[in-house]
J.: 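To start, I am sharing the structure in question, which I have written as structure tokens.
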Protein chains: 2
Amino acid sequence: MAQSDVLLTELKSHGYRLTRTRRALLDVFCSLTCPVQAPELVAMLAALGVLVNKTTVYRELAFLERAGMVHRVLLADGLTRYELARQEHHHHLFCVRCKAVSRVCLDDSICAVSDAIRRQSGFRTIAHSIEFFGICPRCDEGERQE
Amino acid sequence: MAQSDVLLTELKSHGYRLTRTRRALLDVFCSLTCPVQAPELVAMLAALGVLVNKTTVYRELAFLERAGMVHRVLLADGLTRYELARQEHHHHLFCVRCKAVSRVCLDDSICAVSDAIRRQSGFRTIAHSIEFFGICPRCDEGERQE
DNA sequence: TTGACAAACGCAACCAGGTTGCAATAATGA
DNA sequence: TCATTATTGCAACCTGGTTGCGTTTGTCAA
Ligand SMILES: [Mn+2]
Ligand SMILES: [Mn+2]
Ligand SMILES: [Zn+2]
Ligand SMILES: [Zn+2]
């Protein structure tokens, strides 16, 4: 059973409808390895022959977010991206040159600062975002040759 | 000498003009303790009697960013904020309830993961952003009473 | 299979943040 | 004071995102 079918089954079991958009969107998300913007999703669906209005995509993203299946990713350019939730916990490397996004898994201890923050300031952390901005290996190579 | 005068002097020494907008903007930035959005700055300047067009503010922010005096801060709501650069290195706590932004200084070791990332993936980190999203002490108090 | 019903949808209009081209203005040093 | 050029205002534009509302469609029970 494909990963997207697992998700569809879960939605169905909660009484939600399995629409063309919903199926296609989850398919796309399962095939991706890095976060994407909503307008990009509209284009990707169109390329698959699924012509869907941007309003629908935004509403569907909100729905999938509520259902805990996708979440937002904020990177250095201020644009909102989405990726499948329930992946191995990881963080992002954003190349400020070519805008490529890659992933990195960090040591648990780095993610465990929440407790220290709670003690220090009383702030109850729900989530964190650790993003690194810099130059990816490919661009670094290119720059050295210029 | 006020902090903003130091910055103005530096700009002047590089041959840049000291305009009304520039002075007022640096004054405002020096008086703030957390990052602000561009439209907020337009309003704050207006409240000080400095009526300035939003285009000018955006251009001035780009200028001050190039000059290394302010930088962008991206938080959980996807809006771009700016704050004075050259502060003690710190990170942000974003209350998802009241949207308040506070600051926290983390252990150096947490910020030093860049080397590990370089070894692991070849990605050359220039900057990082570590943001925490959760409930601030005030809101936490309020929620407990409801 | 059919129909009722609510969920999902498309569309148009709208909003906010941000950008651009260009002509007018103002800070500077001579 | 004047020339030079950085800075500014304005209008028009762009993109991402939202809203209201009437229509379509997925689901399930008859
Ligand atoms: Mn990711
Ligand atoms: Mn800060
Ligand atoms: Zn790159
Ligand atoms: Zn709060």
Side-chain angles (χ1 to χ4, degrees), chain A residues 5 7-27 35-46 48-67 69-83 99, chain B residues 5 7-27 35-46 48-67 69-83 99:
Chain A
D5 290 327
L7 297 173
L8 286 170
T9 303
E10 178 180 330
L11 289 179
K12 178 115 200 190
S13 80
H14 285 304
Y16 299 117
R17 295 183 185 173
L18 307 189
T19 65
R20 227 165 63 96
T21 308
R22 192 158 289 168
R23 291 170 191 277
L25 209 45
L26 284 177
D27 262 353
V36 279
Q37 292 173 243
E40 288 173 346
L41 287 169
V42 174
M44 293 168 111
L45 292 181
L48 293 173
V50 180
L51 299 177
V52 52
N53 192 273
K54 64 172 179 173
T55 308
T56 303
V57 168
Y58 281 109
R59 288 199 271 234
E60 193 59 26
L61 286 170
F63 168 82
L64 292 174
E65 203 178 9
R66 279 195 308 275
M69 295 193 173
V70 304
H71 58 231
R72 288 159 199 255
V73 177
L74 279 304
L75 300 173
D77 57 5
L79 301 174
T80 303
R81 291 176 173 78
Y82 297 82
E83 70 175 358
K99 270 63 179 170
Chain B
D5 290 327
L7 298 174
L8 287 170
T9 303
E10 180 181 327
L11 289 179
K12 178 115 200 190
S13 79
H14 285 304
Y16 299 116
R17 294 182 187 174
L18 307 188
T19 65
R20 226 165 66 96
T21 308
R22 192 158 288 167
R23 291 170 192 276
L25 210 45
L26 284 177
D27 261 353
V36 280
Q37 292 174 243
E40 288 173 346
L41 287 168
V42 174
M44 294 167 110
L45 291 181
L48 293 173
V50 181
L51 300 177
V52 51
N53 192 272
K54 64 172 179 173
T55 308
T56 303
V57 168
Y58 281 110
R59 288 199 272 233
E60 193 60 25
L61 287 170
F63 168 82
L64 292 174
E65 204 178 7
R66 281 195 308 275
M69 294 193 174
V70 304
H71 59 231
R72 288 158 199 256
V73 177
L74 279 304
L75 300 173
D77 57 5
L79 300 175
T80 303
R81 291 175 174 79
Y82 296 82
E83 71 175 359
K99 270 63 178 168

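Chain A is the first sequence line, chain B the second, and so forth, proteins listed ahead of strands; every chain is numbered from 1.
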J.: Please state how far atom CZ in B/R81 lies from atom P in C/dG17, giving the value in whole angstrom units.
T.: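 From B/R81 CZ to C/dG17 P: 11 Å.
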
J.: Which whole-number value in Å describes the distance from A/L61 CG to D/dT18 C1'?
T.: 13 Å

J.: Please report the interatomic distance CZ(A/R59) to CG(A/N53), rounded to the nearest 0.5 Å.
T.: 8.0 Å

J.: Working to the nearest 0.5 angstrom, can you tell me the gap between B/T21 OG1 and B/L51 CG?
T.: 10.0 Å

J.: Roughly how many Å is it from CG in B/L25 to C1' in D/dT8, rounded to a whole number?
T.: 14 Å

J.: Mapping B/K12 and B/P39 to their closest nucleotides on DNA chain C, which lands nearer the 5' end?
T.: B/P39

J.: Indicate for each nucleotide in nucleotides 4-13 of chain C, in 5' to 3' sequence, whether protein heavy atoms under 4.0 Å reach the base (B), only the sugar-phosphate (S), or nothing (-).
T.: --BBSBBBB-

J.: For B/L11 and D/dT7, what is the distance between atoms CG and P respectively, to the nearest whole Å?
T.: 9 Å

J.: Roughly, in whole Å, what's the span from CZ in B/R23 to P in D/dT8?
T.: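 Result: 12 Å.
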
J.: Give a yes/no answer on whether the side chain of A/Y58 brings an N or O atom under 4.0 Å of OP1 or OP2 in D/dT18.
T.: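 Answer is no, no contact under 4.0 Å.
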
J.: Determine whether A/R81 and A/V36 make a side-chain contact, defined as any pair of heavy atoms from C-beta on separated by less than 4.5 Å.
T.: no

J.: Can any side-chain N or O of A/T56 pair as donor or acceptor with the backbone N or O of A/V52 at less than 3.5 Å?
T.: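 Side chain of A/T56 to backbone of A/V52, a donor-acceptor pair under 3.5 Å: no, none is there.
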
J.: With the side chain counted from C-beta on, respond yes when B/L25 and B/V70 share a heavy-atom pair under 4.5 Å apart, and no when they do not.
T.: no

J.: Where do A/G78 and B/L74 come nearest, in terms of heavy atoms and distance?
T.: CA-CD1, 3.4 Å

J.: Based on the rotation axes of five pairs at each end, what angle does the helix from C/dT1-D/dA30 to C/dA30-D/dT1 bend through, to 10°?
T.: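 It comes to 30° between the two terminal axes.
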
J.: Pair B/L11, B/L26 - check side chain to side chain contact (heavy atoms under 4.5 Å, CB included), show working.
T.: CA-CA 11 Å; B/L11 289 179; B/L26 284 177; 4.1 Å; yes

J.: Could you state the atom-to-atom distance from CG of B/L18 to P of C/dG29 in whole Å?
T.: 9 Å

J.: Return the value, rounded to whole Å, for the distance between atom NE2 of A/H14 and atom C1' of D/dT27.
T.: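 Rounding to the nearest Å, NE2 of A/H14 and C1' of D/dT27 are 17 Å apart.
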
J.: Consider only side-chain N and O atoms of B/H71 and B/E65, and report whether a donor and an acceptor are under 3.5 Å apart.
T.: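 The answer is no; no qualifying pair exists.
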
J.: Any side-chain to backbone donor/acceptor pair from B/R22 onto B/E60? Under 3.5 Å, distance only.
T.: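 No, the answer is negative, given that no donor and acceptor are paired below the 3.5 Å cut-off.
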
